[in-house]
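Owing to the predicted nature of the structure, the values given are computational and were not obtained by experimental measurement.
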Amino acid sequence: MFLPKYPDSPTPPPAYPHTVADQVFVRRPVPQISVSTGAVAAVLVGGVVLTALLAAVAVTAVSVAVVVLRSLLRDRHRR
């Protein structure tokens, strides 16, 4: 009743079954990207400007912090 059923003529499966995925894939051509000197210059100038702005913000923050700390310390010494 629960015995397995075997095929009449057992043949081993092939060692390496050939499927559609075994075919060689066709390589698509890669689009050419050209970088002009104007684009490189724009990126460099943008980087320099952003770096200068960041430095200006940092210097301003340090200056404000020094002024606030000096005023807090001066008020503390007056009391």
Side-chain angles (χ1 to χ4, degrees):
M1 180 174 168
F2 293 108
L3 295 175
K5 295 183 180 182
Y6 296 107
D8 293 334
S9 61
T11 56
Y16 185 74
H18 295 284
T19 61
V20 177
D22 292 336
Q23 296 176 357
V24 177
F25 291 105
V26 177
R27 294 186 63 129
R28 295 182 185 161
V30 179
Q32 296 295 326
I33 299 173
S34 62
V35 179
S36 66
T37 55
V40 172
V43 169
L44 289 177
V45 169
V48 168
V49 168
L50 289 176
T51 303
L53 288 173
L54 182 63
V57 169
V59 168
T60 304
V62 169
S63 300
V64 169
V66 166
V67 168
V68 168
L69 287 175
R70 286 182 66 186
S71 69
L72 287 175
L73 291 174
R74 186 179 57 204
D75 289 343
R76 186 174 180 193
H77 288 299
R78 286 186 180 179
R79 292 182 184 182

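Tracing side-chain contacts under 4.5 Å through hydrophobic residues (I, L, V, M, F, W, Y), one reaches L72 starting from V64; they form part of the same cluster. In the hydrophobic clustering of this structure, L44 groups with V35; members are Ile, Leu, Val, Met, Phe, Trp, Tyr whose side-chain heavy atoms approach within less than 4.5 Å, directly or through other members.
L53 is not listed as a side-chain neighbour of V57, based on a closest heavy-atom distance of 4.5 Å or more.
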